[in-house]
S.K.: 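Quick one: this structure, given as structure tokens, is what I'll be asking you about.
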Amino acid sequence: MGTKGREIVGMQLSELITLLNKALSDEWLAYYQYWIGAKVAQGPMRGQVVAELEEHAADELKHAEMLTDRIIQLGGTPVLTPEDWYKLTNCGYDAPEDPNVKVLLEQNIKGEQCAIEVYQKMLEAIKDKDLVTSKIILEILEDEVEHEEDLQAIVEDMNLMAKNK
Ligand code: FE
Ligand code: FE
Ligand code: MG
């Protein structure tokens, strides 16, 4: 990014880049949790669940890319090694040790709820200081809200199916 582009950021660049790298670490862990979850999933409505998990994995990867591009634009260095994902993550990683679709969905719902909180807080912290990054974060936040909704809708359908048996 050019000098003027950096100058208009009304906060410490290093502070902003750290926030973005923490989010980037979350996105990679979320990506893998969805991706591997889709591979091992077992149980009712598996096809639908797997399709949703795969779709969300692709979205998390896209988020990782958006964050990385912005970090580089700001003159920062994106996280260069997976070991740092664990050091920087806000939301952690839930291994899909139980492949039951319902357990996977609950784990991923928890992850989305954490992501929503993280991005909401980040947006509040930067909205008056960096409009360009705010727009990116808002776009990601919109996706995470949709992710939570999609997963909860599947759980609701499963519960209804179980009731109507
Ligand atoms: Fe994401
Ligand atoms: Fe998500
Ligand atoms: Mg979806």
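Residue numbers start at 1 and run along the sequence shown. Order of listing sets the numbers, starting from 1, for every ligand and every atom in it. Note: hydrogens, waters and symmetry copies are ignored here, and every other heavy atom, side chains too, is used.
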S.K.: So for atom CD, which belongs to E55, do other residues, nucleotides or ligands contribute more than 12 heavy atoms lying within a distance under 6.0 Å?
M.R.: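 More than 12 within 6.0 Å, yes.
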S.K.: Within D59, is some N, O or S atom less than 2.8 Å away from the Fe ion (ligand 1)?
M.R.: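 Looking at D59, which is the residue asked about, there is no N, O or S atom under 2.8 Å from the Fe ion (ligand 1).
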S.K.: What is the OE1(E144)-the Fe ion (ligand 2)-OE2(E112) angle, to the nearest 10 degrees?
M.R.: 140°
S.K.: Have a look at H147 and say which of its N, O or S atoms is nearest the Fe ion (ligand 2).
M.R.: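 Going by distance to the Fe ion (ligand 2), the closest N, O or S atom in H147 is ND1.
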S.K.: With a cut-off of 2.8 Å, does D143 put an N/O/S atom close enough to the Fe ion (ligand 1)?
M.R.: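 Short answer: no, not a single N, O or S atom is under the cut-off.
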S.K.: Tell me which N, O or S atom of E60 sits nearest to the Fe ion (ligand 1).
M.R.: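 Output for this pair reads OE1.
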S.K.: Give the name of the N/O/S atom in H63 that lies closest to the Fe ion (ligand 1).
M.R.: ND1
S.K.: Would you mind reporting whether D69 and E65 have side-chain heavy atoms less than 4.5 Å apart?
M.R.: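 Side chain of E65 against side chain of D69, heavy atoms only: contact under 4.5 Å found.
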S.K.: Should we say atom NZ of K62 is surrounded by more than 12 heavy atoms from elsewhere, each under 6.0 Å from it?
M.R.: yes
S.K.: Distance only, no hydrogens: is a donor on one side chain within 3.5 Å (strictly under) of an acceptor on the other, for Q33 and Q107?
M.R.: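 Absent: no donor and acceptor within the cut-off.
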S.K.: Just to confirm my numbers, could you give the angle made at the Mg ion (ligand 3) by OD2 of D150 and OE2 of E52, rounded to 10°?
M.R.: 100°
S.K.: So that I can check it, does any N, O or S atom in H147 come closer than 2.8 Å to the Mg ion (ligand 3)?
M.R.: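 No, outside the cut-off.
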S.K.: Would you call D130 and R70 a salt bridge, using N to O less than 4.0 angstrom?
M.R.: yes
S.K.: Might you confirm whether atom CD of E83 has over 12 heavy atoms from other residues, nucleotides or ligands at distances under 6.0 Å?
M.R.: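 Not buried by this count: 12 neighbours or fewer within 6.0 Å.
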